[in-house]
> 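Quick one: structure below, then a few questions.
Naming: A, B, ... by sequence-line order, numbering from 1 per chain. The figures that follow rest on heavy atoms only: side chains count, while hydrogens, waters and symmetry mates do not.
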Amino acid sequence: MKLSQLEADLKSRARAAFSLGEEAMAGFALSAPPPHIKNADLSIAWPIAGAKLLRKAPLKIAEEFAAALAPDYEAQAVPPGFVNLKLKDALLLESVAGLGKPGYYERPEFKAQKINLEFVSANPTGPMHLASGRGATLGDSLARIMRLLGAEIATEFYVNNVGRQVELLGKSLKARLEGKEPPEGGYQGEYLKPLAAALPAEAAGWTDTQFSGYAVAEMLKLHKADMKAFGVEFDRWFLESELHDLGGPAAALATLKERGMTYEKEGAVWFGASSELEADDKDRVLVKADGRNTYFLNDIAYHLNKFSRGFTRLIDIWGADHHGYVPRMEAAVGALGRGQGSFKVIIHQQVALKRGEELVKMSKRAGDFISLKELVDEVGTDACRFFFASRGPNTHLNFDVDLAKKKSNENPVFYVQYVHARICSIFSNAAEKGIDPAQGFDASKAVISPEERALLMKLLWLEKALLDCTRDYSPHPVTTYLTELAALFHSFYDKHKVLDPEHKETSAYRLFILKEVKGVIAQGLALLGVTAPERM
RNA sequence: GUCCCCAUAGCUCAAAGGAUAGAGCUCCUGCCUUCUAAGCAGGCAAUCCAGGUUCGAUUCCUGGUGGGGACACCA
């Protein structure tokens, strides 16, 4: 039985025992007992919360509930009103045995969704910096997690390949070719020098547009390579120019006009967000007095385009420097006639770079930043991704580069990976000790030690960790979970010998547990885009 | 000035309003003749301040303090 099924079963038993309606069960949840509680697998605090409703002492409710659970569960009421329960050995072993089944984690509420998840979307005006690693980790891991839960999800990287910044990039490259410094406000970074050196001979006669096109194409190649090295493959790289080719902005403007969401003032076309919808505080320009579209209109068109491709839900992941843009975009999506809940922006706080005690400001234009590639080359994708994935999006991250490089071997990722390597090693040693991992064992005779019990229970909790991820829009619950599971394994490993030719039945039973641990570790790491090595 | 985010151990982070607040790094003490010591066992050590809501607050609310970010007919 899955943990969620167990929870549902216990909940319905509580309802029946106290003759309650579904709405009275809102706070009913299973939790792991705190460490000082021995001899319990699961804990329920619901009797305390339900005391008011039932007009009864919490402990009394807990006692009645515990009695109602017998004889299927070993339940105990504990002051001030907790019910602690222990699963029957057979149920526990059977539940764990079900873990590897295809579709185990799927849930109906995710299967109904067709999600577009857009993240990173770094401007193609320079190499990707460190912070892109955070967005990439967040987005890619969330996509993997939601897919496992059954969602249909397409990942997308939006490329702003038109506009003033791109023109400036082209001019900066041209200046480098001519041996000059980039123009005022241009891109000063060193990275344009090798690019200029590699330009074909005929570039001397190029127009500005040709320089821009060339530079953007080269940057895009770098971005794609960086993302690939980081274990991130996008389903689509959507170019802003595609949007213009399709006439997207004009169509979006027409839709907004039709819906009465625009007005003209001082020669410009405005989005009437504040008067119609109160999500934003101020009206914004869509078409400037000079006739050019604002970025805002183009972005509205982009989101309209996503909806028109059949997605029922759009999720964007942005850095905190764009948070002020969220109400505007939400208002715009609402103005397009899309309901609440069809558009979600995940904001992640920025990454501050630290060298020793000093905070370093990163600026792409000034060329002063640590590139993602640099970091990955130094520390490795596994350590980077685990590091980024271990924090919620709202944490303000201080990334100490010197520390990250120096202590790469002490990154918790190795602690988790080591579990996988150790188990692989045990399996490869089994044969020479005359033990067949495929040999079964008699579950009814298995004696479960406390370390094994903790390990088996923990395996069932991955399901909850995944749901926490979707609740928080962050992969960090999986990271925390894996570290905890790893600790339980290493402790078990130290106390119990798995391969014992004298006791083949015990060996087979322990190999069964390890097979499941290995599976969960491998699955969890895969969700984070981290490898599960067989040897370390 | 207005708005958003954050504040937990010396450092980096966990913790659906629940029981004695968990980890990792650092420091200290033990443990390799036995499936990998990238490990185990143990020790030191924390909820920014003041109110409020609640049976119960690290968690929710209000007000401070400190830090980061945003407030364009830029993208």
Side-chain angles (χ1 to χ4, degrees), chain A residues 27 29 31 33-37 43 45-46 48-49 51-52 57-58 78-82 84 123 125 160 162-166 168 185 240 265-270 281-282 284-290 292-296 298-299 319-327 347-350 352 359 387 390-400 403 407 409-419 421-430 432-433 435 464 467-468 471-472 476-477 479-481 483-484 486-487 489-500 507 510 514 535-536:
Chain A
S31 57
H36 68 276
I37 300 290
S43 179
W46 172 77
I48 307 177
K52 242 180 205 161
V78 176
F82 293 99
N84 291 333
N123 284 340
T125 49
N160 293 120
V162 289
R164 186 172 300 171
Q165 297 309 319
V166 167
L168 268 171
E240 187 183 347
K265 188 176 83 181
E266 295 163 9
V269 182
W270 295 69
D281 53 347
K282 199 176 151 195
R284 311 285 174 172
V285 170
L286 295 168
V287 183
K288 296 183 245 179
D290 67 5
R292 295 179 71 158
N293 297 340
T294 58
Y295 179 83
F296 182 39
N298 292 340
D299 218 13
D321 51 338
H322 291 95
H323 83 259
Y325 192 61
V326 176
I347 293 292
H348 66 81
Q349 299 303 314
Q350 290 183 289
L359 277 178
F387 177 85
S390 65
R391 284 120 169 106
N394 275 334
T395 58
H396 295 251
L397 206 58
N398 283 338
F399 198 101
D400 190 326
L403 202 68
K407 304 218 167 167
N409 268 351
E410 285 155 26
N411 189 302
V413 72
F414 300 103
Y415 186 74
V416 176
Q417 288 180 313
Y418 192 41
V419 173
R422 273 183 147 177
I423 295 176
C424 286
S425 169
I426 291 173
F427 273 95
S428 68
N429 289 340
E432 64 186 63
K433 297 216 177 183
I435 294 164
K464 283 279 197 177
L467 294 175
D468 287 348
R471 183 198 64 208
D472 298 346
H476 82 269
T479 315
T480 307
Y481 169 82
T483 307
E484 288 167 359
F489 167 79
H490 288 309
S491 182
F492 158 83
Y493 180 94
D494 196 57
K495 284 211 178 84
H496 303 283
K497 194 158 169 73
V498 177
L499 300 174
D500 182 359
S507 300
R510 290 189 175 145
L514 291 203
R535 211 179 289 272
M536 283 173 77

> Would you call the rings of A:Tyr325 and A:Phe296 parallel, tilted or perpendicular, taking 30° and 60° as the class edges?
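Taking A:Phe296 first and then A:Tyr325, their aromatic rings stand perpendicular (interplane angle over 60°).
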> Side chain of A:Tyr415 only, heavy atoms from C-beta on: which candidate in B:A15, B:U12, B:G39 is closest?
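From the listed options, B:G39 comes nearest.
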> Any protein N or O atoms within reach of nucleotides 56-58 of chain B? Criterion: under 3.5 Å, listing atom names and distances.
none

> For the atom pair CD (A:Gln417) and CG (A:Asn411), what is the distance rounded to the nearest 0.5 Å?
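CG of A:Asn411 is found 8.5 Å from CD of A:Gln417.
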> Write out a two-atom table: protein N or O, nucleotide N or O from nucleotides 30-35 of chain B, distance below 3.5 Å.
from: B:U34; atom 1: O2'; to: A:Lys497; atom 2: NZ; distance (Å): 2.9
from: B:C35; atom 1: O3'; to: A:Asn429; atom 2: ND2; distance (Å): 3.3
from: B:C35; atom 1: O2'; to: A:Asn429; atom 2: ND2; distance (Å): 2.7
from: B:C35; atom 1: O2; to: A:Val498; atom 2: N; distance (Å): 3.4
from: B:C35; atom 1: O2; to: A:Leu499; atom 2: N; distance (Å): 3.1
from: B:C35; atom 1: N3; to: A:Val498; atom 2: N; distance (Å): 2.9
from: B:C35; atom 1: N4; to: A:Tyr493; atom 2: O; distance (Å): 2.8
from: B:C35; atom 1: N4; to: A:His496; atom 2: O; distance (Å): 2.6

> Whether A:Arg422 engages the ring of A:Tyr493 as a cation-pi pair (distance to the six-membered ring centre under 6.0 angstrom, angle to the ring normal within 45°) should be assessed.
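Verdict for A:Tyr493: a cation-pi partner in A:Arg422.
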> N/O contacts under 3.5 Å, protein versus nucleotides 4-7 of chain B?
from: B:C5; atom 1: O2'; to: A:Gln349; atom 2: NE2; distance (Å): 3.2
from: B:C5; atom 1: O2'; to: A:Asn394; atom 2: O; distance (Å): 3.3
from: B:C5; atom 1: O2'; to: A:His396; atom 2: NE2; distance (Å): 3.1
from: B:C5; atom 1: O2; to: A:His396; atom 2: NE2; distance (Å): 2.8
from: B:C6; atom 1: O4'; to: A:His396; atom 2: NE2; distance (Å): 3.3

> Who passes side-chain contact (heavy atoms from CB on, under 4.5 Å) against A:Asp494, sequence neighbours left out?
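Testing A:Asp494 for side-chain contact (heavy atoms from CB on, under 4.5 Å), a comparison that skips the adjacent residues, returns none.
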> From A:Asp321 CG over to A:Gln350 CD, what is the distance, rounded to the nearest 0.5 angstrom?
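That separation rounds to 4.0 Å.
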> Can you name the ring pair (Phe, Tyr, Trp, His ring centres under 6.0 Å) partners of A:His496, sequence neighbours left out?
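Testing A:His496 for ring pair (Phe, Tyr, Trp, His ring centres under 6.0 Å), a comparison that skips the adjacent residues, returns A:Phe492.
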> Which nucleotide in the set B:C55, B:A75, B:G69 lies at the smallest distance from any side-chain heavy atom of A:Lys52?
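So the side chain of A:Lys52 is nearest to B:C55.
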> Select from A:His476 and A:Asp290 the residue whose nearest nucleotide in RNA chain B is closer to the 5' end of that strand.
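Nearer the 5' end of the strand: A:His476.
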> Dot-bracket notation for RNA chain B is requested: 5' to 3', Watson-Crick or G-U wobble pairs only, both distances under 3.5 Å, with ( ), [ ], | and . as defined.
(((((((..((((....[...)))).(((((.......)))))....(((((..]....))))))))))))....
> May I ask you to check whether A:Ser43 and A:Asn84 show a side-chain donor-acceptor distance below 3.5 Å?
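Their side chains do contain a donor-acceptor pair, which is all the 3.5 Å distance test asks for.
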> Would you measure the distance from the C1' atom in B:A9 across to the matching atom in B:U2 and give it in whole Å?
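Each nucleotide's C1' atom is 36 Å from the other's.
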> List the residues meeting salt bridge (Lys or Arg N to Asp or Glu O under 4.0 Å) with A:Arg471, not counting sequence neighbours, and say none if there are none.
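With neighbours one apart ignored, the set is A:Asp468.
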> With no hydrogens and no angle check, is any side-chain donor or acceptor of A:Ser425 less than 3.5 Å from a backbone partner on A:Ala421?
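Such a contact is absent between A:Ser425 side chain and A:Ala421 backbone.
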> Pick the nucleotide of RNA chain B nearest each of A:Lys265 and A:Arg391; which residue has the one closer to the 5' end?
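Taking each residue's closest nucleotide, the earlier one in sequence belongs to A:Arg391.
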> State which residues pass ring pair (Phe, Tyr, Trp, His ring centres under 6.0 Å) with A:Tyr481; sequence neighbours excluded, sorted by chain then number.
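With neighbours one apart ignored, the set is empty.
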> With rounding to the closest Å, how many angstrom separate the C1' atoms on B:C74 and B:G17?
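That atom pair is separated by 45 Å.
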> For side-chain contact (heavy atoms from CB on, under 4.5 Å), just list the numbers for A:His396 and A:Gln349, CA-CA rounded to whole Å, side-chain angles, deciding distance to a tenth of an Å, and then say yes or no.
CA-CA 5 Å; A:His396 295 251; A:Gln349 299 303 314; 3.2 Å; yes
> Quote, to the nearest angstrom, the P distance that separates B:A14 from B:A7.
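It works out to 8 Å between them.
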> Tell me which nucleotide among B:A37, B:A75, B:C40 gets nearest to the side chain of A:Ser491.
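For the A:Ser491 side chain, the nearest candidate turns out to be B:C40.
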> Please determine, for the side chain of A:Glu266, which listed nucleotide (B:A37, B:A14, B:C73) has the closest atom?
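Within the option list, the nearest is B:C73.
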> Using atom C1' of each nucleotide, how far apart are B:C27 and B:A57 to the nearest Å?
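33 Å, rounded to whole Å.
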> So which protein N/O to nucleotides 16-22 of chain B N/O distances come out below 3.5 Å?
from: B:A16; atom 1: O4'; to: A:Arg471; atom 2: NH1; distance (Å): 3.4
from: B:A19; atom 1: O2'; to: A:His36; atom 2: NE2; distance (Å): 2.6
from: B:A19; atom 1: N6; to: A:Ser43; atom 2: OG; distance (Å): 2.1
from: B:A19; atom 1: N6; to: A:Asn84; atom 2: OD1; distance (Å): 3.0
from: B:A19; atom 1: N1; to: A:Asn84; atom 2: OD1; distance (Å): 3.3
from: B:A19; atom 1: N1; to: A:Asn84; atom 2: ND2; distance (Å): 3.2

> Could you give the distance separating B:A70 and B:U54 at their C1' atoms, to the nearest angstrom?
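Each nucleotide's C1' atom is 36 Å from the other's.
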> Can you tell me whether the base of B:C71 sits syn or anti, using the 90° cut around 0 to define syn?
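Anti, since the glycosidic angle lies more than 90° from 0.
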> Between the protein and nucleotides 8-11 of chain B, list the N/O to N/O atom pairs that are separated by less than 3.5 angstrom.
none

> Please enumerate all residues that pass ring pair (Phe, Tyr, Trp, His ring centres under 6.0 Å) together with A:Phe82, with sequence neighbours excluded.
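Here no residue qualifies.
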> Applying ring pair (Phe, Tyr, Trp, His ring centres under 6.0 Å), can you list everything that pairs with A:Tyr415, at least two apart in sequence or on another chain?
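By the ring pair (Phe, Tyr, Trp, His ring centres under 6.0 Å) rule, A:Tyr415 matches A:His490.
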